[in-house]
Amino acid sequence: MDHPFDAIVVGAGGAGLWAALELAREGVNTAVLTKLYPTRSHTGTAQGGVCAALGNLEEDHWEWHMFDTVKGGDYLVDQDAAEILAREAIETVIELEHMGLPFNRTPDGKIDQRRFGGHTSNYGEGPVRRACFAADRTGHMILQTLYQQCIKHGVKFFDEFQVVDLLFEGDPAKGGRAAGVVAHRLADGQLHTFRAKAVLLSTGGFGRMFRITSNAHSLTGDGVALCYRHGIPIQDMEFFQFHPTGIVGIGILLSEAARGEGGTLLNDKGERFMANYAPKLMELAPRDMVSRAMYQEIRAGRGIGGKDYLYLDVRHLGRKVIEEKLPDITDFARIYQGVEPLKEPVPVQPTAHYAMGGIPTNVFSEVVRDDKGTVVPGLFAAGECACVSVHGANRLGTNSLVDLLVFGRRAGRQMARYAAKVERPQPIANAVEPMRADLDAIRGREASGESVAVIRKELQDVMMDNVGVYRDATLLTAALAKVKELKARNQKVAIADRGSVFNTELLEAQELGYLLDLAHVTVAAALARTESRGAHSREDYPERDDKKWLKHSLAYQGKDGPTLRYKDVSITTFQPKPRTY
Amino acid sequence: MLFRYRGSEGMVAWAFHRISGIAIWAFVLLHVLDIYLAGGDPKVYDDLLSFYASPIGRVLEVLLGAALLYHALNGIRILLMDFWPRLTAYHKQIWYVNWGIFVLAGIPAAIIILKPIFGA
Amino acid sequence: MDVNLRILRFDPEAAPLAGSPPKPHWVEYKVSVDPMDRVLDLLIKVKAEQDGSLSFRRSCGHGICGSDAMLINGRNRLACRIRVDQLGKKISVAPLPGLPVVKDLIVEMSGFFGKYRSVKPYLINDQPEPERERRQSPQDRARFDDTTKCILCAACTSSCPSFWARPEYVGPAAIVQAHRFIFDSRDEGAAERLEILADEDGVWRCRTIFNCVEACPRGINITRAILEVSSAIVGRRG
Amino acid sequence: MSLYSRSGRPRPQSGGFELAAWYYMRLSGVALFVLALIHFSVMHFVFDPSQQNANWIFTTRWNSLLLRSFDWLFLAMVLSHAFLGIRTVTMDYLRGGRRTLVLMGLYLVGIIVFVMGTMVVLTVKIPGA
Ligand SMILES: Cc1cc2nc3c(=O)[nH]c(=O)nc-3n(C[C@H](O)[C@H](O)[C@H](O)COP(=O)(O)OP(=O)(O)OC[C@H]3O[C@@H](n4cnc5c(N)ncnc54)[C@H](O)[C@@H]3O)c2cc1C
Ligand code: HEM
Ligand code: SF4
Ligand code: F3S
Ligand code: FES
């Protein structure tokens with residue numbers, strides 16, 4: 001079936017929904033496609049807050065927010081984008097409030113704000129209250145509020161449609177423009193084409209390539225991998241954030257809000273070890289630093305009971321704070337660990353959390369395909385799958401939600417402008433055929449091949465063990481070989497389900513393919529970057545090397561693996577300095 | 001589904017309320033009918049009353065009384081919550097209190113009604 | 001530890017048996033697990049190791065997205081939030097009751113979301129927007145806090161005997177969502193929503209059965225919310 | 001199942017009667033709590049059925065207008081409450097033509113029973129009076 005629209009949004013997380021809302025307000029005929037129901041997007045799990053320099057409780061300025069973002073990202077941040085992020089954070093948060101988002105309130109009725117890792121006053125002096133929040137379900141409320149507004153404005157949703165291919169008029173690597181997408185309808189297995197002038201990818205992250213992750217099962221990097229397969233480069237993939245406080249063994253996140261409210265990290269001896277690593281900000285140092293500190297404690301044998309985890313302690317905050325401001329994470333500790341945070345410290349370990357890298361875009365959320373900023377006409381990306389580079393080498397807590405709001409909104413507005421200018425693409429003959437052949441091949445294969453689960457597990461293990469918080473050439477080389485091997489084996493992956501209704505196994509096979517591609521790029525880019533910056537820590541190259549490496553990586557799909565190129569970082573205001581807290 | 005789902009107090013309370021309501025309704029229908037028939041003729045009415053006084057009649061009366069008492073008490077439970085929604089947090093407690101009252105009021109009543117069967 | 005996992009499976013595309021359309025049937029699996037595993041882990045395990053065609057929805061894996069509500073040991077719960085040690089060695093899993101089954105544990109949700117949409121689940125306020133935030137006191141904010149937690153998992157609506165009896169009933173989830181706005185001091189659409197909820201299939205269908213409250217993975221006092229809405233309707237009409 | 005989600009359920013019609021019924025169930029419930037329990041107590045253990053006969057009824061009980069009114073009020077309450085209740089149950093479990101049929105039947109029976117009851121309570125002559 002062919003569906004003509006003017007704009008298509010792929011993914012209904014925070015970024016996609018806001019873009020759709022802008023498009024609907026502009027009267028652009030828009031379809032939102034999502035492989036889940038919109039309210040199940042991963043934005044809903046974000047807990048801690050969304051930063052905006054409102055200054056509701058103490059003095060704050062967007063310039064400070066911009067500085068923290070740049071420094072937090074270890075100066076790999078594009079500063080023009082960071083400026084937009086910090087400025088527009090304020091108006092987008094206010095707009096969200098106007099849309100009905102139930103923020104917590106100060107006694108005089110303003111939006112309440114709390115402290116968060118890496119966010120400081122006066123260019124690094126001390127923690128500042130900048131994160132606006134709704135208990136510890138800020139992301140849930142953002143997702144709900146945006147979905148509500150989309151309903152109000154009559155946005156058309158195609159729920160449980162998994163996009164499996166992108167359509168272009170011509171070759172996007174050579175100037176071809178976006179023309180739509182191919183989607184697999186889960187309910188009956190049919191392939192549909194959606195034709196449009198402007199296509200937005202907002203498919204979220206891909207933490208599922210790691211064994212221990214805070215990410216949803218559905219976060220498999222679909223949009224990013226599809227771009228890569230069409231010759232569009234992907235940027236900064238070596239930077240993957242590990243969040244310090246995941247539940248041991250399963251990775252479910254205990255938000256930084258716990259530390260923002262005053263929770264502490266303890267080692268086996270009961271010491272607040274962060275004093276030795278970041279004396280000024282302590283537990284509220286940026287995540288890459290805290291995660292590294294935790295690894296070092298564990299290596300030095302100061303993990304709890306000598307094991308590979310540490311304690312997060314919130315007992316001293318008292319019942320009222322814990323129950324009112326941190327209800328969900330208290331609940332997680334109870335359910336998933338059987339630990340009562342009011343009485344005991346909670347065992348935690350770093351968990352794979354956030355992809356700084358992704359589809360390169362400019363500040364209008366337009367996808368760019370080279371180091372000169374050449375735009376792929378009609379193709380847009382926003383949210384975690386995109387890389388405008390406001391997060392550089394390490395994202396600050398809460399800045400992802402800001403990113404969704406600011407650049408989701410910009411994407412919608414730019415798409416509306418673009419759609420008003422151009423003609424709708426003509427139907428593309430046999431658009432669904434390559435994908436149909438692909439899917440039929442997997443489905444038709446003898447069940448003797450390897451299963452999706454086996455290959456996925458091996459991938460997650462090697463990524464976790466070799467491409468985690470600390471990396472070096474030996475680990476990465478081994479990982480590269482392993483990923484290549486898995487990719488070869490994946491050519492013969494077989495599934496048991498032959499049906500077309502909700503063939504979830506078939507879709508998991510697709511998703512595994514995406515993960516393998518992205519893992520390949522991640523490993524290759526990490527191996528190439530011979531320095532330590534932000535979330536990328538090479539033990540064989542422990543120093544940051546601005547001379548050689550103050551640049552973004554761009555990975556293009558080559559014959560047998562990614563080809564790497566580089567592009568400059570935009571530096572407008574803050575010159576790189578050593579990063580201490 | 002009604003029988004497969006493992007509901008707790010609230011579901012049982014509702015099921016009993018519904019069943020008792022229907023049972024009392026059925027009785028009231030018969031009751032109006034029998035009184036109507038008896039209305040013209042005192043003899044029929046006396047026969048009817050002697051049925052109520054018979055052992056079977058008394059047992060049925062106790063069942064009717066139990067249904068009525070349960071329905072009445074649970075009806076009040078529902079009413080309380082309807083008019084003070086915050087009481088919903090205690091719906092189970094109210095339900096147990098109801099059973100307390102049910103037993104306290106019901107057993108003596110049942111004894112009084114049933115006693116004549118045993119010739120006292 | 002080994003558990004006996006029974007799953008009510010349904011394949012809509014199975015060849016018809018003796019001319020009758022395919023029917024749901026129980027299949028038993030032996031799975032070895034850790035007592036701290038969640039039922040979702042078991043399902044994933046069965047899919048990985050025993051039968052890849054087993055279908056169920058899941059995403060976040062920690063009780064926030066609302067994908068994997070199902071009937072587990074006779075009650076509606078999220079598979080990712082209930083541990084094996086809370087259930088014992090015999091575990092039965094079936095799709096949410098009262099909703100049409102599409103395949104295995106997957107039910108048709110469009111009716112559920114349709115009802116959600118029908119209660120105007122968005123802030124209605126046509127006043128000009130102030131420059132900064134609309135002020136709201138912490139007390140006013142607390143008034144509807146409970147109902148902001150809803151993740152639209154449908155555990156409540158599909159546990160409600162009143163809904164099983166009458167699928168037209170708008171259901172607890174939609175009322176919860178309406179409550180979230182009716183009692184928001186910034187909202188001006190209460191009258192419209194109360195009007196919608198006052199009809200035959202609105203709040204009156206609730207018979208205070210409390211299955212919804214027991215089922216809600218977010219611990220929302222749903223019945224209270226429903227009765228507050230009924231009271232508001234009664235109050236408004238005099 | 002439509003391809004994409006758009007509108008909700010059809011717009012509801014009149015909420016007035018359901019509201020009234022809901023409210024009335026509650027009000028009559030309160031009244032019945034008093035009336036029914038008194039009635040049952042009086043008839044079943046304050047006076048044992050064995051002590052009662054038609055004569056007793058007509059001479060003692062229905063000899064006062066007040067008591068007659070009380071019983072009539074009770075009758076009206078019980079019947080309206082019970083029939084509204086049964087109506088709810090019917091509407092829960094039946095649909096379409098059968099529902100309409102049964103409801104019509106119920107209303108009819110309700111009216112007949114009410115008339116019969118009223119005739120007994122209000123019009124029966126006290127024998128010999
Ligand atoms: C546990 C946790 C806590 C977090 N807490 C915070 C926080 O406090 N503050 C903060 O700023 N950030 C936080 N983050 C990060 C932030 O939540 C995410 O980066 C952000 O929500 C991503 O949003 P998104 O719109 O890009 O995508 P998502 O919300 O992930 O949505 C992706 C959408 O794309 C759809 N999709 C994907 N693939 C396809 C396909 N092939 N076809 C069709 N649709 C597809 C999905 O269905 C979904 O609708 C947290 C992240 C996690 C995991
Ligand atoms: C004695 C005091 C009584 C009280 C306090 C009372 C209260 C109530 C209430 C509040 C309801 C509504 C329940 C709901 O909507 O969930 C109800 C329902 C009902 N009542 Fe009563 N009632 C009483 C007596 C009676 C009597 C005497 C009868 C029968 C003649 C009766 C028959 C019914 C029926 C059939 C229902 C419907 C049940 C249902 O919807 O599940 N009630 N009652
Ligand atoms: S109210 Fe609770 S059970 Fe119902 S949909 Fe919302 S979260 Fe799920
Ligand atoms: S289970 Fe149903 S009847 Fe009411 S209290 Fe809950 S909605
Ligand atoms: S998987 Fe998200 S709620 Fe269970």
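Below, chain A is the first sequence line, B the second, and so on; all start at residue 1.
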Check the pair C:Arg57 / A:Phe502 against side-chain contact (heavy atoms from CB on, under 4.5 Å), numbers first and verdict last.
CA-CA 9 Å; C:Arg57 292 190 177 104; A:Phe502 269 97; 3.7 Å; yes

Any chance you could lay out the side-chain contact (heavy atoms from CB on, under 4.5 Å) test for A:Met141 and C:Thr148, step after step, and finish with the verdict?
CA-CA 8 Å; A:Met141 291 321 325; C:Thr148 63; 3.7 Å; yes

Apply side-chain contact (heavy atoms from CB on, under 4.5 Å) to C:Met109 and A:Asp159, showing your working.
CA-CA 10 Å; C:Met109 298 287 294; A:Asp159 301 328; over 6 Å; no

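Contacts between C:Ile82 and chain A at a heavy-atom distance below 4.5 Å are absent for every atom of the residue. Contact of A:Thr106 with chain C is made through the backbone alone, with heavy-atom distances under 4.5 Å. Of the atoms belonging to A:Asn56, it is side-chain heavy atoms, and not backbone ones, that fall under 4.5 Å from chain C. With a threshold of 4.5 angstrom between heavy atoms, C:Arg141 approaches chain A through side-chain atoms but not through N, CA, C or O. At a 4.5 Å heavy-atom cutoff, the contact between C:Phe56 and chain A is made by backbone atoms alone. For A:Tyr37, the part lying under 4.5 angstrom from a heavy atom of chain C is the side chain only. Looking at A:Leu36, the atoms closer than 4.5 Å to chain C (heavy atoms on both sides) all sit in the side chain, from C-beta outward. Of the two parts of A:Ile252, only the side chain, counted from C-beta on, holds a non-hydrogen atom closer than 4.5 Å to a non-hydrogen atom of chain C. If you measure heavy-atom distances from A:Glu160 to chain C, the contacts under 4.5 Å come from the side chain alone.
Taking SG of C:Cys60 as the reference point, atom CZ of A:Arg40 lies at 10.0 Å (rounded to 0.5 Å). Atom NE2 of A:His42 and atom CD1 of C:Ile64 lie 9.5 Å apart (nearest 0.5 Å). One distance of note links CG of A:Leu186 with OG of C:Ser55; it measures 9.5 Å at 0.5 Å rounding. Rounded to the nearest 0.5 angstrom, C:Ser53 OG and A:Leu506 CG are separated by 12.5 Å. Annotation: the span from A:His217 atom NE2 to C:Leu40 atom CG amounts to 5.0 Å, rounded to 0.5 Å.
By a heavy-atom distance cut of under 4.5 Å, C:Met36, C:Arg38 are the residues of residues 23-38 of chain C near chain A, going up by number.
Ranked by heavy-atom pairs shorter than 4.5 Å toward chain A, the options C:Cys153, C:Pro138, C:Ser59 are led by C:Ser59. Among the candidates C:Ala14, C:Gly63, C:Pro12, C:Cys65, the residue making the largest number of heavy-atom pairs closer than 4.5 Å to chain A is C:Cys65. Of the listed residues (C:Val102, C:Ile106, C:Asn125, C:Asp51), the one with the most heavy-atom contacts under 4.5 Å to chain A is C:Ile106. Chain A forms more heavy-atom pairs under 4.5 Å with one residue of C:Gln86, C:Lys103, C:Glu49 than with any other, namely C:Lys103. Interface check for chain C: of the options A:Thr145, A:Asp331, A:Asn215, the most heavy-atom pairs under 4.5 Å are formed by A:Asp331.
The pair A:Arg498-C:Asp11 does not count as a salt bridge, with every side-chain nitrogen at least 4.0 angstrom from each carboxylate oxygen. Of the charged side-chain nitrogens involved, at least one lies within less than 4.0 Å of a carboxylate oxygen, so that A:Arg137 and C:Asp145 count as a salt-bridged pair.
C:Asp184 is linked by a side chain to side chain donor-acceptor pair (under 3.5 Å) to C:Gln136, C:Arg180, C:Arg186, counting only residues two or more places apart in sequence or in another chain. The side chain to side chain contact (heavy atoms under 4.5 Å, CB included) test applied to C:Thr157 returns C:Phe112, C:Phe163, C:Pro172, C:Ala173, not counting sequence neighbours.
Taking the side chain as every heavy atom from C-beta outward, A:His140 and C:Ile151 approach each other to under 4.5 Å.
Pairs passing the salt bridge (Lys or Arg N to Asp or Glu O under 4.0 Å) check and including a residue from residues 121-136 of chain C, sequence neighbours excluded, do not occur.
Checked against the 6.0 Å centroid threshold, A:Tyr336 and C:His62 do not count as a close aromatic pair.
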